[in-house]
Amino acid sequence: MSLQTAAWLVLALPLAGSLVIALGGRWWTPRVAGWIGTVAIALAFVFAVIALIKLQDLPEEARVATSSLWDLVNVAGVRIRLGIYVDPLSVFMALVVTGVSALIHLYSVGYMSSDRGYTRFFAYLNFFVFSMLLLVLAGNLALLIVGWAFVGAASYMLISYWYRRTTATSAGIKAFVINVVGDVGLVLGTFFIFREMGVLDYGPLFEGVQGAFDKNDASLVAGMLLILVGAFAKSAQVPLHTWLPDAMEGPTPVSSLIHAATMVTAGVYLIGRLHPLLEWAPTAAAVGAIVGAATLLIAGTIGLAVTDLKRVIAYSTMSQIGYMIMAVSAAAYVGGFFHLMTHAFFKALLFMAAGSLISAMAGEQSLDRMRGFRKAMPFTFGCFVVGGLALSAFPLMSGFFSKDALLLEIGQRGGWYYALYAAGYIGSVLTVIYTWRMIYRAFWGEPCAEAAELEHGHIHHAEHPTNPQTGEIEDTEVGFPGEAHHIAEQTWQMRLAMGALAVLSVIAGVLFLPFGITEWLANFLEPTFADSIVEHPANDGLEAFGLVLTSVVAVVFLAVAYRIWAVGSGRATAWQERFPSLHRLFVNKWYFDELIGLVIVRPVAWVGHWARDSFERIVINGALIGGTTGIVRAGSAAVRALQTGLLRSYAGLVVIGLSAILLYLLLRAA
Amino acid sequence: MTPLLAAAKVQAPDIDWAGLSPLLALLGGSIIVLMAGLLRPRAARAHVVPFLSVASFAAAIGCVLWQWDERASLIEGALMLDPLTLIVALIVCVAGIATTLIAWRDEAAQEIAHGEFFALLLMSSAGMLVLAAAQNLVSTFVGLELLSLPLYILCASHLRRASSLESGLKYLIIGSVGSATLLYGFALLYGATGATDYAEISAQLVKKGLSGDVLVLTGIGMTIVGLAFKASLAPFHQWTPDVYEGAPTPVTAFMSVATKIAAFAVIIRLFDVALLPAVDDWRPVWVAIAVISILIGNVGALGQSSLKRLLAYSSIAQAGYVLVGFVVVTELGIEAVLFYLAVYLFANMAAFAVVTLRERETAAGDDLGAMRGLGAERPLAALAMTLAMLSLAGIPATAGFIGKFRLIEAAADGGYTWLGIVIVIGSMISLAYYLPVIATMWRDEAQPAPIEPGVDPGTGRAALAGAAPEADVAARPTGGWETQLVALVMGGAILFFGIFPQPLFDLVRRGALGILGLI
Amino acid sequence: MTIHLSIVLWLPLAAGLLALLVPRAAARWVMLAGALMTLAYAIVIAVDYDTAQRGLQYVTDETWIRTLGIHYKLGVGGLNIVLLLTTAVLFAAAALWAALRDEPAERPGLYAALMGLAQSGVMGAFLAQDLALFVVFFDLMLVPFYFLTLVWGTDPEKRGAAVLKLFIYTLVGSLLMLVGAIATGVLAAEGPGSVTFVLSDLRVNLISSGSQHWIFLVFALAFLIKMPSFPFHGWMPDGYMQMPIAPLAVFTAILSKVAAYGFLQIALPLFPDAAVKYQELLLLTALASILYGSAMAFSTTQARLVLGYSSIAQLGFIVLGIFALDERGADGALLQSANHALVAAPLIFVVALLASRAGGSEDLRDMGGIATKAPVFAAVFLVLTFALLAMPGSANFIGEFMILLGVFQAKTAIAIIASLGVVMAAVYALRLYIRSMHNRVGPLVQARELSAREGLVLVPMLLVVLALALYPQFALKRGERAVAGSLGATKVVQKQQDLVAQAKARAGKDAAP
Amino acid sequence: MGFLFFLFAIVALAGAVGVVILRNPFYCVLALVVHLIALALLFLLLEAQFVAVAQVVVYAGAVMVLYVFVVAYVGGGDRPGPLWRATARQRTLAIVFGLAVFIELAIAILGTGLKALDTDGPKVTVAYGSPAEIGDLLLNRFLLPFELASFLLLLAAVGAVALSGRRAGIPEDEIHAPERTVDPTHDLVSSPMPPSAGSMAEGVAGYGVTRPLPAPSEESPG
Amino acid sequence: MNISWYLVVSALMFSLGAVGVLIRRNPLVVLLCLELMLNAGNLALLGFARMWADGDGQIFAIVVMVVAACEVAIGLGLIVALYRQRLPVDVDELRELHG
C-alpha cells in the first residue's frame, strides 16, 4: 500500500461510515450505527498510522506526497484539483484527529445510547471526521476551504443536534455564520495570493511565494490577514470567538471532539500549513500572535467567572488555542503543535468527564448546583484531576512539557516576543485558577442531592427534563435528549475512552522533552518546517527558567485555588465584591456578544427590516411601480374626463387641435 | 350645336374597364344588393342579401387578383391602379366579407333592412377603393364622402337603439367638421398651386418654390386635421370611442379596420406624393400626432369595461403605431404600414367577431363581463380572442408582433428609433387592458346570465316587441356560426402569419413601389 | 445542418398540444412523457457534443422571415449546452411533480400545453443564434406563465393583479429590448435589404459606439428586470406568491438564467464598448442586488419569498461575474446559472411540501419542528440549503468562487463587499431551514415523511446537484471557450482604452517638462 | 365691382352670423338662405356663373326646403338652461378658438408669397365658368367624381329614406307604451312629444305653440 | 376686387361655421353651420379658380355642393329618426356614450 492510498483511505473511511449510517437510516439499530461509526474511525486511525510509517520510509528531504483524483476546476488559468497533500504535518494532524475521534466515538456509543437521534448523531460525527481530515489532507487552498466549510457545517449540525431547543438552533446558526465569515476571509485571502501567483496548490505556492512577493508586501499581508480571519473564526479567537461558548449546546461528546480537540485547532493547523506565506508577511504574523495572546488572556479571565461547567471548559479551550495561535504565528511550530496534541488529549478527557458529571446531574450544567461528587463518582473525579493537572501544566504532566516548549520557543525569539512570553505565563496563572475552581466546586464539599442519590447507586432523574440554559421544559416528544443518563462509572465504553485519554494526558509529554532528552516530535515535523526562515537560537537558561516558573505557578496557584474554593466558603464572593466592575466584565464575557450585536447584528437586522418595511414599500412599490402606474392612471383619468360625451366639446378639441397645428406651421414658416 | 358641344363629342375619356373592375364590382354589387333587399320573403332578404354582398366582395377580390400585376392610370388620371390600390382593395374586401358574415344575423341589418345595410357597406368599401386610388383632390374628396356617408347611416342603423342613433349623429357632425376642414385645406392647396392632380401639385410646389409658404402650410395643416380625423388619430379622435361603442358591432368592426386602411392609403398618397416637397414641414406634425395618439389611445383604454370602447381606444393607439411607419417616408415604412394594417385587420375582426358573439349570447352586451367563462364554454372562440388581444399587444408568435417589428425596423431605419420606443411604451401600457380581457375569459368559470327573451342585449333594458325577432324566440340565442367562423379564421391568420409572415410580406412588398419615386 | 435541435426544441410543445387532445386523466402523463423525451434527447445531444470542437454544433440555419432578415438559426455551443440540459431536467422535474401530485385538478390539458409552450420558449431562447429569434423566444416564454398563474394561481382574488404586474413589468424590458434588437440589426446592416439578425454576423459588424450605449442599456434593463435585479424586482413578490408551484419552480430557476445567458450571448459580444463603459454601473447594480436581496431574504417570513429574494441575490452574483469582464468571473457565472437553477427549483418544491405539512401556510411562523418525523426530508432540504448558501464543496461554491475571483481581479473592492452576500446567504438559508425544520413544532404543523412520490421528484434533482458538486468542471469545460469568445470583444476594447490611457499619460509626461 | 363685393360679402356674412346666433332654428334656416343667395352673387362676381346658378337652385331651393320641412316636423330651438356647467366657458372658448382659426387663416392668406392673390385675377374668356366648359370638364377630366357624385346622391336618398322613412310615423300601438322610453334620464314620459308633430306653426314657434316650454329641468346628465 | 378679399370672407365664414358648431345645441342648426363651413370652402375654391382662371376649382365646388346636399339629407334623416325615437333633439343631451 502506497502512502497516497493510505491517505486516501484515511479520508474515505469516515465518509463511507457517514454515508452507510445515514443511508441505512432506520435499518440500523442504534448500537450498530454507533459501532459502524467507531470502527470506521478506528480503521481510519489505523491507516493514518500506516501512512505515518510509509512517510517515515521516505527520505527526509522528500517527505511529501501529493495525489489527485480529478480536476474540479480547470478553466481560465484556475486549476482546482481534488487532491491531497501528505506531509508530516498533515499526517500528524490526521493521527491526532482520528485517534481522539475514535476514542470519542467509543465514548459516545455509551454516552448517547438512550438518545433517539443516535444514528443521526453518528452520521454527523463521522461526517465531521471526514471533513476534518479533508481539511487536513487537502492538497490546495480551495480544497482546504471545502474541508474548512464542511467542518463548519458538521459543527453546526452537531451544535443544533437537539434542534427542538431554540437555544441550540440559534447557537448553531451563530456558529455557522461566524464560520462563514471565516470562510469568506479565507476565500478573499486566497484571492490576494492567487492574483499574484496564479496557483492554489501548496507545493508551488510555498516555493513561489518569495519570488512572487516582496517580503511583507502589502498585498500578501492583506491576504494573510484575511486568511488569519478564517483561522480566528474557526479557532474562536477574539473577536470571532463568541460562537464557541454557545456551541456547548451540543451534546458533550461533540464539545469534546469538535469544540476542544480537533476542529477548533484547525486555525492552528492552517497557520502551520501556510507558514511559508505567513513568515513572508511578518506583519500579519505579528497580528496573529497578538490576537492569540489577547485571546488567551481574555478567555482565561472569563473562565474565572462563568459558572456553567461546559462553558468553563470552553473558555479554557479558547485560552489554550490562544496559546497555540500565538505560538504558530510566532513560528513556534513544534511547541504549538505539541500543545495542540496534548491539549486534544486532556481537553477531550475533561469534556468527557464533564459529560459524565452532567449525566449524574440529569443534564444540569451549573457549577452552582454541583457539590461533593468526589465520592459518588471516583472514576470521573480521577479523570477530572488528571485532565486538570495536565491543563494547569502541573509538572511532569503532558501539558507541562507542551506549554513549556511552546513558551520557550516564543521566548527564544527575543525582543517583543518576551511580551508574548509573559502573557503566556499570566495565562498560566489564570489557567490553574479556573481549572481548579471548577474541580473544587464540583467535587469538594458536602454532596449535593444528586451526588447523594448517586452514592446510593442511583442516577438522578429530573421530573421534567429542562433545557439547562433557559430552564424551559424540554420537548421530549422527539426522544432526545435521551431519557436515560450514562455516567462513566456505569458505562464501560465511556470508561475505556476516558481511561485511554487519561493515560495519554499523563504520558504524551515524552514525545518532546526539554533539553533535547527526546526530540521525536521535532524530528518528525522537521521536514515540514524545514523551510522556516525564523531563527530560534537555543537558550538553555531560558529553558530552565521556564520549567521552574511553570512548576511554581502550577503548584502555588493550585494551592491558592484550594484555599478559595475547597476550604473556606465566601472567599470567592469576597474577591468578587472587591473588584465588582472587573467581575461584571468577566461574567459578561467582556461584553463581546453585546458589542458584536451593536456593531454588526443590529445594523444588519435594521437594514433588513428597513428594506422590508420601508424601502420595498416606498421606493420599489411606491415610487417605481406606483409612480409609473400613477402617471398612467392619471393620464387615463384625464383622457376619460375629456371624453364627456358632449359632441360640442369634441368639436371644440378638433378646432383647438386645428389652431394649434396651424400655429405651429405658421411659426415654422416665419 | 355649339362648337363646344362638338368638341365634347370628340373628347371621350378613355376608360380602362378592366382596371376599374374592382370598383365596379363593389358599386354594381351595391345596386344588386339594394334591389335584392326588395325581395318579398323574409328568409330571402335575410340570407340572399348577405350572400350577394359576400359575392360582390369576392368578385372584387377576384378582380383585384386579376389586375394584380397591372399598373395604370384610370379615367384621365383620376385614379391610379397600382399595387397600393390593389393591396388596399384586397384588405378592404376581406374586411367587407368578414363584416358581412358577422352582420349576417345582426339586428341592425334587420332594423334598417338588409338591402340597405349591405348596399351601404359595399358603397363605403367602394369609397375606400376610390380614396386609396385617388390621384387628385377632387377624387379624393368624393371618395372620402363616399366612404363616410354610408358609415354615418350604418352607425345609426340600429334605429331603435338610442346609442346607435347618437353615435350616428355624432359621427355625422364631427365627420362633417372634419370634411369641411379637409375641404378648406384642399382649397388652399389648390389655390397655392393651381392644380388638383397630386403629381402636378408636387411639381408646382417645387417649381414655384412654395413648399415653405404659409398658404401651403396652412393648407397642409388643415389637410392633416381632416385626414387625422378620418384615421381617428388623437387629438382628433374623440368621436371614436363614442361612435364605436354606439354603432352596431359589425359596423364598428368594419369602421375600425377598413376606414383606417383607406385613410392611411390616402395619407400616404397625398403626403408622400403631392406634398413630398414640404416633407420637413409636415413631418413634425405627424410625428406629434403619432405620439399623442399612442399615448392617449392606450391610456384611454385602461379600465374601460365596454369592450367596444376599449377596442376603440386601442384602435386610436394602433393608428398611432401605423403612423410611425408613415412618418419616416421610406418605402420600408409604407410596406410596414400596409403589413401592419393587414395584421390589424385580422386581430380586430377576430376581436369584434367574438364580441358580437357574446353580445348575442349573453345579457352582458359588450361589457367585459360577457367574456366570463368563454374559455371553458367555447375554447376556440376564446383562443381567437386571446390571439387577437396578444396580437394587438404585440406578443411574439402573433402577427401583431411581426407587424410591430416591421414598424420599429422602419422607424429605426428612417432615423426615428425613438418613435420605436414610443411604440413599445404604448404596447406596455396596452398590456394593462388587453390582458384583463384574456384573464376574464380564462379565469372565471362562472358565465354571465344568458340573454333573456325580450331584453335588449345592448342596453340590458326591455327591448321593443318585434324589434329583435330573435329575441322573441324562447330558445337560447346563438351567435351564429358565421360569426364564429370569422373569429376562427382571423385567429388562425393571426397565428399563421405570426409564425410564417413571409407570404404577407410578399403581398405588401410592392405596395410602396412608385409612391416615392415621384420626388 | 441538422434537425435535432428543432426536434428537441418543439417536442415539448408538441407533447403539450397532444395533451390537449387526450382525455383529462392522461394529459399530465403525456406532458411528463414529452418532458422526459426532451430530457433524453437533450442528454443524447450533450453526450454527443464534441467539447474539443470550436463554435456551434448541430446548427440549423433556415431563413425564417426573409423580408426581415430573421433566420431560424439554432445551435448549441459552450454557452448554452449546459443550460439546455438544465432546462430539460427542470421541466422534467416540474412535469413529474405535476403528474405525481395530480396537479392541477382542473383543465390539465391546458396546463400541459402551456408548460410545453413554456419549455419550448425557454429552450428556444437558449438555442437561438439569431438576435430577433432570441427576442421572440424571450418574450414568448413569458406568455404561458401568465396563463398558468391566471388559471391555477394561489389566490383567486389576487392572482390576476399579481400576474398582470409581473407580465407588464417584465415585458417593459423585453419590449424595449425589441427596439434595441431591431436597431442593432438596422444599424449593423450595410444598406437596406441586407438587414440580418444572425448573431455571428452581428458579432462581426459591430455598430457604432454611440448606438451601442443606449442599446446596451435597454438590453441590460430587460435582462435585469427578468432576473430580477434590484431595483427592478417590484414584480417578484406578488408574482412569486401567486404562481403555482411547478411553474414557479421553472420560472425562478430557469427564466432568470435566460437573462444571464443573454448578457453573455448578446450584450457583451455585440456591445463591447458599452459593456466596458457601463461595467461599474452593472457591477454596482449587482452588488446592490446581492445586499438588498439578502437583507430582504432574511427579514421576510414567507418561505417562497425567502427563495425569491435569495434569487435576487444569487442573480446578483451572476451579473457580478459576467461584468467582471474576466474569463474566470464569466465562467463562474455560467456555472452558477446552472447551479442556482438546479438548487432553486427543488427548493421551491420543498417549500410546497413544507406548506403541505404546515396546514397550507407558507409562513415561517407557522412552521417548525418538521424534521423529527421527516428525517429524509430534512436531510434533502439541508443539502439543498447548503447548496443554496454556496457551501464550499457544492458546485455553487465553485461558481461563486470563480465569480468572486473574476471580480477580484477586476475590481477588488467590489469583490470584498460582495462577499458579504455570502455571509448573508448563510443567514437566510439557514434561517429558512431552521424555522421550518427545527425548533418547536409550529402551530399548524402536521409533520410527515417525504412520500415516495415526493421523493421521486426531489431525489433525482438532489443527485444532479451532488453530481455537479463533485464535477463542476463538466459545466466549466464546456463553457470555457465560448465564454472567452464572448468576452473577446470587450477585452479588445479594454486593451484599446489602456493603450489610449498610456499614450495620454506618456504625452502628459512629455508635455510636463 | 368693389361695392358689389362688399355688399354681397356683408350680406353673406350677416346671414352666416344669423345662422350662428339666432335662437329659433327656423330663422336660422332663413338666414342661411339669405347667406346662400349672397354667396351665389359672390360666385357670380368670380365669374362662376354655372356654380352660382346651381347654388341657388340646389341649395337655396331644394336643400333649404328640406330643412324647412324638418324644422317644422321636429321643431325646437336650443333649450334654455345650462345642461352642462361649462356651457358659458365653452362659448368663450369657442369664440376664442374660432377667432384664432380665422386669424391664422387670414395670416396665411395675406402673408403668402403668392402674388396672384393680390390681383383681381387674370382676364378670362367668356367660356370660363360657362356650362359648356363645366360640362366638358365633368364628362372628361372629372368623369369619375361626377359619376361618384351621382352615387352619393343615390346613397343619400337611400339613407335618408332608410333612416326616417321606412316605418312612416310611429306605430299607433307604440305611442302609449311607456316602457319605450329609450333613456329614463331624459324624462320624456312626463313631457311626451306631440304625437302629431309637423305643422309649420309648430316649427316656427319651436316649443311655443302646442305646449309650453318645459321648465328648466334640474336633471344632471351623468 | 382682390382675390384675397374673397378669401378673407371665406375664412371668416369658415370660422363662423366652426363657432356655430361649437356653441349650438340644436343639431339642425349645427347642420346649418356645417353648411357654412363647406360653403366657405366653396368660396375659397371659386376664388382660387378665378385666380388661376382654371376650371378645376369650379368642378370641385359643384362636387362639394352635392356632397353638402347629401350630408344634409342624411343628417336630417338622422334627426328625424332621433325625434321619432323620442330622443332629445339636442346634441348636449346625446351623451349616453361617454368616458
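Note that these values count all heavy atoms, side chains included, but never hydrogens, waters or copies made by symmetry. Just so it is clear: chains get the letters A, B, ... in the order the sequence lines come, proteins before strands, and each one is counted from 1.
To the nearest 0.5 Å, the span separating OH on Y190(B) from CG on D54(E) amounts to 3.5 Å. Considering CZ of R24(E) and CD1 of I173(B), their distance stands at 12.5 Å, rounded to 0.5 Å. Taking OG from S176(B) and CE from M37(E), the interatomic distance works out to 9.5 Å, rounded to the nearest 0.5 Å. In this structure, CG in L188(B) is found 7.5 Å from OG in S10(E), a value given to the nearest 0.5 Å. Rounding to the nearest 0.5 Å gives a distance of 5.5 Å between CG of L78(E) and CG of L169(B). Note that the CG atom of L137(B) and the CD1 atom of I59(E) stand 14.0 Å from one another [nearest 0.5 Å].
With a 4.5 Å cut-off on non-hydrogen atoms, T181(B) touches chain E through its backbone and its side chain both. Only the backbone of L7(E) comes within contact range of chain B, judged by heavy atoms closer than 4.5 Å. For A49(E), the parts sitting under 4.5 Å from any heavy atom of chain B are the backbone and the side chain alike. Contact annotation for L215(B): only side-chain heavy atoms (C-beta onward) come within less than 4.5 Å of a heavy atom of chain E. Neither the backbone nor the side chain of A68(E) comes within less than 4.5 Å of any heavy atom of chain B.
Taking every heavy atom of both residues into account, A187(B) and A44(E) meet most closely at CB-CB, 4.0 Å. For the residue pair M51(E) and G191(B), the shortest heavy atom distance occurs at CE-O, 3.4 Å. When every heavy atom of T193(B) is checked against every heavy atom of W52(E), the shortest pair comes out as C-CZ2, 3.9 Å. Nearest heavy-atom pair, F60(E) versus L183(B), reported as atom, atom and distance to 0.1 Å: CE2-CD1, 3.7 Å.
Side chain of Y184(B) to main chain of L38(E): no donor-acceptor pair is present (N/O by atom type, distance under 3.5 Å, no hydrogens or angles).
Chain E is approached within less than 4.5 Å, heavy atom to heavy atom, by E145(B), L149(B), Y152(B), I153(B) from residues 145-154 of chain B, ordered by number.
Residue pairs meeting the ring pair (Phe, Tyr, Trp, His ring centres under 6.0 Å) criterion with at least one member in residues 27-49 of chain E: none, sequence neighbours excluded.
In this structure, the side chains of L31(E) and L172(B) come closer than 4.5 Å at one or more pairs of heavy atoms.
With chain E as partner, the option from K170(B), Q238(B), R309(B) having the largest number of non-hydrogen pairs under 4.5 angstrom is R309(B). Taking chain B as the reference chain and counting heavy-atom pairs below 4.5 Å, the highest number among C70(E), A18(E), G47(E), A40(E) is found for A40(E). When the candidates V177(B), V243(B), V142(B) are compared by the number of heavy-atom contacts under 4.5 Å with chain E, V177(B) comes out ahead. Highest contact tally toward chain B, considering only N42(E), L46(E), V67(E), is held by V67(E) [criterion: heavy-atom pairs under 4.5 Å].
For the pairing with V138(B), the side-chain contact (heavy atoms from CB on, under 4.5 Å) check across V64(E), V63(E), L45(E) returns one residue only, V63(E).
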